[in-house]
Trainee: 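Okay, handing you the structure first.
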Amino acid sequence: MTDIDTTEPVRPETIKAVPVRHPGRWVSAVIVLVLAAMLVHMLFTNPNLDWSTFGKYFFDGGILKGLVATLELTVIAMAIGIVGGVILALMRLSANPMLSSAAWLYIWFFRGTPVLVQLIFWFNIKALFGDISLGIPFGPMFITWDVNSLVTTFVAAILGLGLNEAAYMSEIVRAGILSVDEGQTEAAQALGMRRLKVMRRIVLPQAMRVIIPPTGNETISMLKTTSLASTVAFTELLKAGEDIFNANYRTIPLLIVVSVWYIIVTSVLSVGQYYLERYFGRGSSRELPPTPLQRLRRNLTTFHVTPPRVPERGTS
Amino acid sequence: MTEPQDSVGFGSGSGSPSGSGSGSGSGPMVRAEGVHKFFGRLHVLRGIDLEVEPGEVMCVIGPSGSGKSTFLRCINHLEKIDSGRLWVDGDLVGYRQRGEKLHEMREREVAAQRRDIGMVFQRFNLFPHMTALENIMEAPVQVRGESKAAVRERAMDLLDRVGLSEKVASYPSQLSGGQQQRVAIARALAMEPKLMLFDEPTSALDPELVGDVLDVMRQLAVDGMTMVVVTHEMGFAREVGDSLVFMDAGAIVEQGRPRDVLTDPQHQRTQDFLSKVL
């Protein structure tokens, strides 16, 4: 090792100059603080907010049942959306022209009409098909069901939200698949892997890194979109709140109850999304970013100051 | 270090684990007859004829765009040839002959054919979501359905032979280019191929990392592997290659023993090319 002088050189004199003033920051700070104070004041003094009602109904049985229904609807609709989205994406990317145009048509239709219209459509499906039968197309039928017994409001909500979601998810999945370098497919094929296996083992796991963040957004968005199901008489969180305030006319407090629940679940989902992204990001960067917990632990254990480096005088 | 040569072998050219039935093993490992390839209206291969004998190391050189990589990719059917015939170990690549008629192979059959042909890419193409070991184990386990335990042992062995036994659990992003390429070679060898294709394996590497990769390839050649190597490493071609092919504008301009072609090129185009790269 050569002789390198590692002692701190004398620090040269720092430039003394008048710093740039930022009057805009002061003005905006004043405006924001005043607005915030007004908001807090309103929260505490406005009698219409009626916090006692809020407290009374926050853990109300009907509200909690509605919350569970909302969660169920979110999970099932997203599951349909993700599975359907993967299938549609594979169809669109397939070499088979029938499959790819069928998928294109599906996406075109389901993205082209509002999800609320689709929900109402499924709710009124009885008006289109009286019965559903299983049999030979254009031939004899073996089993017949009444549509209303099959498509309950829950099923209508799931179909409406899930099938719509599949169209959006398919575009996300497709973008993810296309983001994976073609060399990956070639390398896998050169090893003798077949197309489906290449997709499952090589391409999709890498596409996940691109697919997960927007899917998290879709899930959070779905959580709130389920409130549309209240219009087709399905009792989810919003409808549960509506049922209560239709009886006691305490509209605002109950809307706040519902909103706070939505925010809580959204926050939990965001945390889950962070960990999912971290898991699928492995191998893409040299080191995984620390989880908030790890970061906290590290900060707690390393508050001692690192000792100054002893200058190493080369002798070796 | 002092082990006998045959037991440090990387797999072999002789006694190859010939997967498909009609592979004779006695004829040439690769035979091309009048191979043409078009990309749209671009005529990339203009009638390639050549033979690679078992155990032979053939180096292919030429200016970029001369079609040498394309030809290499035709050998394992990553590219489909438009006319001519191409055989690997006696089997037509990508087609089945029934009487006079040629039938396109199904995807399953093409995949089966590729199992016996290893390929190493310029850009490594390691699977980034898998560790070095998982990269090597992937195909034997997933394609050949071998037991993980047996494959793991072989994979560790291969990593050891490419000098990376301490990198078992590293992800590709944690490896240098040269290390990645050596893992890629080990990955191809894990399928115990009878033929190895190298597509400019050192072109994406920093100069000081090239040597390690070439050393691995040199050892592979010594062990008797049949290799087709598209390369710009004239030193490697001269020293390790049994034959050298110079391609330009989609055709073979000149071929022969590397020493002869490199020191005494017969064609003007070969002379021009060599004067630029040597």
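Throughout, protein chains are lettered first and strands after them, A, B, ... in sequence-line order, and every chain is numbered starting at 1. The model shown is predicted, which means the values in this text are computed figures rather than measured ones.
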Trainee: How many angstroms lie between atom CZ of B:R114 and atom CG of A:L191, to the nearest 0.5 angstrom?
Mentor: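 If I round to the nearest 0.5 Å, the distance is 10.5 Å.
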Trainee: Should we say atom CE of B:M156 is surrounded by more than 12 heavy atoms from elsewhere, each under 6.0 Å from it?
Mentor: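 Incorrect, the count does not exceed 12.
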Trainee: For the CG atom on A:L196, are there more than 12 heavy atoms of other groups (residues, nucleotides or ligands in this structure) within a distance under 6.0 Å?
Mentor: no
Trainee: What part of B:R187 gets closer than 4.5 Å to chain A, counting heavy atoms only: side chain, backbone, both or neither?
Mentor: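 Both parts, backbone and side chain.
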Trainee: Start with the C-alpha gap between B:H129 and A:R209, add the side-chain angles, then the distance that decides, and say whether side chain to side chain contact (heavy atoms under 4.5 Å, CB included) holds.
Mentor: CA-CA 10 Å; B:H129 57 305; A:R209 209 158 46 83; over 6 Å; no
Trainee: For B:F121 and A:A190, work out which heavy atoms get closest and say how close.
Mentor: CZ-CB, 4.1 Å
Trainee: Distance-only, no hydrogens or angles: does the B:Q113 side chain make a donor-acceptor pair with backbone N or O of A:G192 under 3.5 Å?
Mentor: no
Trainee: Considering only heavy atoms, which portion of B:L197 lies under 4.5 Å from any heavy atom of chain A: side chain, backbone, both, or neither?
Mentor: neither
Trainee: Between A:I202 and B:E138, is a side chain to side chain contact (heavy atoms under 4.5 Å, CB included) present by the stated rule, with each step listed?
Mentor: CA-CA 10 Å; A:I202 308 299; B:E138 179 67 10; 4.3 Å; yes
Trainee: With side chains defined as the heavy atoms from C-beta onward, is the minimum distance between B:P128 and A:Q184 less than 4.5 Å?
Mentor: yes
Trainee: Using a cut-off of 6.0 Å, state whether more than 12 heavy atoms not belonging to B:F38 lie near its atom CZ.
Mentor: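 Yes.
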Trainee: Tell me, yes or no, whether the heavy-atom count around B:E166 atom CD, taken from other residues, nucleotides or ligands under 6.0 Å, exceeds 12.
Mentor: yes
Trainee: Where does B:I117 contact chain A at under 4.5 Å (heavy atoms): side chain, backbone, both or neither?
Mentor: backbone
Trainee: Between A:R195 and B:E107, what is the shortest heavy-atom contact and its length?
Mentor: N-OE2, 2.5 Å
Trainee: Out of B:M119, B:R73, B:R123, which residue meets the side chain to side chain contact (heavy atoms under 4.5 Å, CB included) rule with A:E186?
Mentor: B:R73
Trainee: For A:G183, does its backbone N or O pair with a side-chain atom of B:N125 as donor and acceptor, under 3.5 Å?
Mentor: yes
Trainee: If you tally heavy-atom pairs under 4.5 Å against chain B, which of A:Q189, A:R201, A:M208 wins?
Mentor: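 Max contact count across the listed options: A:R201.
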